[in-house]
Amino acid sequence: MEFEFWHQRWEAGQIGFHMEEVNPFLKRYFAELKLSKGDKVLVPLCGKSVDLVWLWQQGLEVCGVELSPLAVRQFQQEQDLPLVAQPQGAFEFWHLPQESGQETVGLGILCGDFFQLTAEQCREVKAVYDRAALVALPLEMRVQYVAHLQQILPAGTKILLVTMDYDQSLMQGPPFAVSKAEVHHLFSQAYRIEQLAEVNSQRKGHPIKEEVFVIELA
Ligand SMILES: C[S@@+](CC[C@H](N)C(=O)[O-])C[C@H]1O[C@@H](n2cnc3c(N)ncnc32)[C@H](O)[C@@H]1O
């Protein structure tokens, strides 16, 4: 997907992917990430997801990555957060002001291209939450996305991955159909891939399956 595609979606307000409520799969399966307070979670292609705030409220340090400055601005306004911006590598980092005595910023979004994210920026990451990120990308980019995750994340990082599968000939993406077999293929270098849920649902009147995985990187 070209950057322009996403910028236009945000400008036109065509953001059907955005949910007002915290994702139920996140709430149900969050414990599978086995995180401790203060651990850092990366949320790639985060949009203005309310899930960022929910993760932060669990006592985690949360870092989203989002291409669209408009999405970041809307996140700041809608969540009523006093985010401040500073350059960080290829990104502009919008984050809560660091209070004295506090080691981390708690919640922030790196505004820029996920593919520019470096291993140095992910040094402390313990987990990744992917909802509507992998499935937002066409196949060639999904391969690059997973390769990049594996390149920049520390060994042992756990990923909570929410995907959807359906007959791609019936509907256009995004979100694209990603089969269980594809998840296994994309993450074939991972130490562990476990499927946590498979739920039948509907999209535009067609049957789809929502699937949830926990993946542990080698
Ligand atoms: C389908 S939306 C999902 C947003 C969010 N995960 C959610 O659940 O609401 C995909 C998001 O990825 C962003 N995006 C697309 N390509 C990106 C890239 N290369 N780097 C960072 N963000 C990107 C888009 O602007 C869009 O907000």
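For ligands, and for the atoms within them, numbers begin at 1 and follow the listed sequence.
- Here Trp6 has side-chain heavy atoms under 4.0 Å from ligand 1, and that is the only part of it that gets that close.
- Contact annotation: Cys46 has at least one heavy atom less than 4.0 Å from an atom of ligand 1.
- Using modelled atom types, one side-chain atom of Ser188 and one backbone atom of His185 make a donor-acceptor pair closer than 3.5 Å.
- Under a 4.0 angstrom heavy-atom cut-off, Gly112 registers as being in contact with ligand 1.
- At a 3.5 angstrom cut-off on N or O pairs, Ser68 does not count as close to ligand 1.
- Smallest separation of non-hydrogen atoms from Leu149 and Phe114: CD2-CZ, 3.7 Å.
- Applying the side-chain hydrogen bond (donor to acceptor under 3.5 Å, both in side chains) test to residues at least two apart or on different chains, the pairs with a partner in residues 164-179 are Tyr166-Gln168, Asp167-Ser169.
- Contact atoms of ligand 1 toward Asp113: 18 (C), 19 (N), 20 (N) (distance under 4.0 Å to a heavy atom of the residue).
- Judged by distance alone, with hydrogens and angles left aside, the side-chain atoms of Glu211 form no donor-acceptor pair with the main-chain N or O of Met164 at under 3.5 Å.
- At under 3.5 Å, not a single nitrogen or oxygen of His18, backbone or side chain, sits near a nitrogen or oxygen of ligand 1.
- Around atom 14 (N) of ligand 1, the closest heavy atom drawn from Leu45, Leu117, Asn23, Leu26 belongs to Leu45.
- Interface of Ala132 with ligand 1, defined as ligand atoms under 4.0 Å from a residue heavy atom, comprises 1 (C), 2 (S), 3 (C), 8 (O), 10 (C).
- Where the criterion is an N or O separation shorter than 3.5 Å, residue side chain and backbone included, Leu67 meets it with respect to ligand 1.
- For the residue pair His7 and Glu2, no side-chain donor N or O sits within less than 3.5 Å of a side-chain acceptor on the partner.
- Aromatic ring orientation, His148 versus Phe115: tilted (interplanar angle from 30° to 60°).
- The side chain to side chain contact (heavy atoms under 4.5 Å, CB included) test applied to Ala85 returns Glu92, Trp94, not counting sequence neighbours.
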